[in-house]
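By convention here, the first residue in the shown sequence is residue 1. It should be emphasised that the depicted structure is a prediction, and the values quoted were computed from it without experimental measurement.
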Amino acid sequence: MGLAALLDRFVLAREEDFFRRVKTAVGLKIAEGEADEGGLSAYDVEIFDCYTNIMHIYRDAADHHLKESHIITTPEIKSVWGGIYELLMSRLMQYEGEMEINPIQAEKKIIAADVVADVFAQMGEAVKEYRESHDYSDFLTDVRKRLLQQELSFGSVEEVLADIINQFEKHCNEHFYSIYRRGLEAKLTNLNNLELRKQAESYNTLLKEEIEILRQIIVVQAMALEKIAWDGGATPEESAFIAEVLGVLRETYQKEGQTSGRINRGFLETANHHKENLGRVTINAESPEEFAEIYSVDGAFPPDLAVIFENFKDARAEKYAPFAESLKNALSDRLGNFHKKLAVKKTYFAKKASWQISQMSMECCDAFAEIAAHFEDGKEHFLTQEEKDIIKGVAETVVIKIDSIKDGVQQFEEEANAIIEGFPAEGSEVCGEDFVVSRLVEGSNGAKVIKEILDEFVTAQQEEAEKAWAKHEEPLAKKVLAFQRDNLFFELSTFEEIMHYSVSRLRESLDVQILEFVVEIDKQYKNLEQILARYGIEKIVPTAHEPFNAKEHEVLMAEVQEGFKKGEIIKTMNSGYRNSERVITRANVIAAR
């Protein structure tokens, strides 16, 4: 009995050590990362950074006002600019100031920590239930008998301890897997649940408000200030002050508006794709056996307990072994050639798609560059005209767009190439010798079994390869879509605003060179449409009275308008874009209510 008691204590200590290591591996697996495969939680810490950056710009504008306010002497300018300044100050009053820790990120860490703590508690209960079970009691009794009935040696004890850990893992792994899976899903669900994510929801609401305020300042108040300047109602100092401040606000709206748009698409898409995202996130733990691999690594438990004992093959299996090896090699060669051809094909089309996106973007840059070049050619004349501020603003904005698209293309190409370079060159191991042997042993007709292996197994492997490639290609498709939405089409969409609000004013000019500049802008605007068409991109431009379609249209504002029925489109503010039947960005519209 003394030996049995000593064994029980030693077994308990080894089990505790194993359980502790499993908990550590599982806890790290749940806590690590922020669901990079998809969902709002992959990037929403940017919300706070974007919001605080806008606040910093407000503060800079306010400081500039305090230093240079004596320059503003014209009553009309003082009135309009004073309204802008008061609006910026009112927003700054709501701002809590500098924070050392991003509150959204801190909230996410708390959610992960709570889930891990709950998972650990559930795993502890599973271990307790197992140790109190009859199976565990019977197993320990059997172990004692084995040790007492044989000659004790280091090897025999090692075998028994390995059996204990294997038994412990066998009985607990399914429970651990189920707890881990539920914990991971709970974490991601909470991260993507805006009712729980108070910080993300709160700061995103603030961010949307600031983007809309910036839009109104630029579209309404900035235009009013510039009109006063164009009409000669401002001093040169006032014009310089206005140009500097409004230039910063415009640049901020363009940059942060792009980020905000991407974040808000995430808010909308997360609810729709949450289950799909969970499936992708947990793809590395699709079964209890695969789940065990996250803690069955070097150092997961002492090497002396990691001994795996092979079973003896029966006589029939040994008879087939030499032939099975030859058949396995034939299968490997056949599938290896298929994988290589598939890899070449997939890589070629991936590179082609990436190149087309970059080429289309650079051609758009060339169109913008023609506008900038026309401005430079007539710059000396343009800057002497009343419309100089409008012309200069158009030219500067176009240059910003060129730089933005080129920077975006460079980043896209680097990330896309990295994804493509990560494509597998060859397939994984097709099958082991044991698999082939078991199939041959089970069948009575050797020729029939061989045909089944060659036909069914190879076909299944090829289908699995196609499915695996879909997962490899998915990150690239996401990069393409994100670049189109957040960079290229954002720049083209905001260029439409320039056509509506700035170029339209230049059409009223009586100066020949200015009108020629307008002709050049119109020409390049048409050229941009032709470039997109060559690459299969179609603009979505709904007409007045067209019924609202949520798939293609996004309502910016709903208002009552005489002559329009509820749900009809009154006006298109920004075009949308589609590629074949897939909508990439929706058109922004004003609809009747």
List the atom of Val115, the atom of Ala186, and the distance in Å for their closest heavy-atom pair. CG2-C, 4.4 Å
Roughly how far, to the nearest 0.5 Å, is NZ of Lys539 from OG1 of Thr572? 10.0 Å
Working for side-chain contact (heavy atoms from CB on, under 4.5 Å), residues Thr52 and Tyr203: CA-CA 10 Å; Thr52 53; Tyr203 279 103; over 6 Å; no
Between Cys365 and Ile405, what is the shortest heavy-atom contact and its length? SG-CG2, 3.4 Å
Any idea which heavy atoms bring Leu476 and Ala350 closest together, and the distance? CD2-CB, 3.6 Å
Judged by atom type as modelled, is there a donor-acceptor pair below 3.5 Å linking the side chain of Asn574 to the main-chain atoms of Ser493? yes
Glu497 and Arg250 ion-paired at < 4.0 Å: no
Distance, nearest 0.5 Å, that separates CD1 of Ile521 from CZ of Phe375: 10.5 Å
Tell me, do Glu415 and Phe483 make a side-chain contact under 4.5 Å, heavy atoms counted? no
What do you reckon, is CZ of Phe349 surrounded by more than 12 foreign heavy atoms closer than 6.0 Å? no
May I ask you to test the Gln258-Thr494 pair for a side-chain heavy-atom distance under 4.5 Å? no
Check: Gln484 and Met360 side chains under 4.5 Å, non-hydrogen atoms: yes
Please collect all salt bridge (Lys or Arg N to Asp or Glu O under 4.0 Å) contacts where either partner lies in residues 197-211, sequence neighbours excluded, each pair once. Asp44-Arg197, Arg91-Glu209, Arg91-Glu210, Glu107-Arg197
Residues forming a salt bridge (Lys or Arg N to Asp or Glu O under 4.0 Å) with Glu212, sequence neighbours excluded: none
So how far is it from Glu491 CD to Leu528 CG, rounded to the nearest 0.5 Å? 11.5 Å
What heavy-atom pair brings Lys471 and Pro475 nearest, and what distance separates the two atoms? O-CD, 3.1 Å
Between Gln122 and Asp118: side-chain donor-acceptor atoms closer than 3.5 Å: yes
Does any part of the side chain of Lys526, heavy atoms only, come nearer than 4.5 Å to the side chain of Asp522, both counted from C-beta? no
Which heavy atom of Ala126 sits nearest a heavy atom of Ile179, and at what distance? CB-CD1, 4.3 Å
Examine the side chains of Ser354 and Lys479 and answer whether a donor and an acceptor come within less than 3.5 Å of each other. no
pair Val503-Tyr525: side-chain heavy atoms closer than 4.5 Å: no
List the steps and the verdict of side-chain contact (heavy atoms from CB on, under 4.5 Å) for Asn579 and Tyr535. CA-CA 9 Å; Asn579 185 353; Tyr535 290 92; over 6 Å; no
Candidate pair Leu214 and Glu256, rule side-chain contact (heavy atoms from CB on, under 4.5 Å), full reasoning: CA-CA 10 Å; Leu214 278 171; Glu256 306 304 347; 5.7 Å; no
Between atom CG of Leu207 and atom CZ of Phe48, what is the distance when rounded to the nearest 0.5 Å? 11.5 Å
Asn53 side chain to Asp49 backbone, donor-acceptor under 3.5 Å: no
dist Phe489:CZ -> Leu532:CG (nearest 0.5 Å) comes out at 5.5 Å
Give me the atom names and distance for the closest heavy-atom approach of Ala367 to Ile531. CB-CD1, 4.4 Å
How about Phe412 and Val480: do any of their side-chain heavy atoms sit closer than 4.5 Å? yes
Ignoring hydrogens and angles, tell me if any N or O in the side chain of Thr585 forms a donor-acceptor pair with the backbone of Tyr577 under 3.5 Å. yes
Gln411 vs Asn487 side-chain heavy atoms within contact, under 4.5 Å: no
How far apart are the C-alpha atoms of Asn527 and Gln524, what are their side-chain angles, what is the distance that settles it, and do they pass the side-chain contact (heavy atoms from CB on, under 4.5 Å) test? CA-CA 5 Å; Asn527 187 23; Gln524 297 308 324; 3.2 Å; yes
Steps toward salt bridge (charged side-chain N to carboxylate O under 4.0 Å, His left out) verdict (Lys523, Glu370): CA-CA 10 Å; Lys523 174 184 174 183; Glu370 291 294 329; over 6 Å; no
Side chain proximity check, Glu363 to Gln359, heavy atoms < 4.5 angstrom: yes
No-hydrogen, no-angle side-chain donor-acceptor test under 3.5 Å, Thr259 and Glu46: no
Arg485 side, atom CZ; Arg586 side, atom CZ - distance, nearest 0.5 Å: 9.0 Å
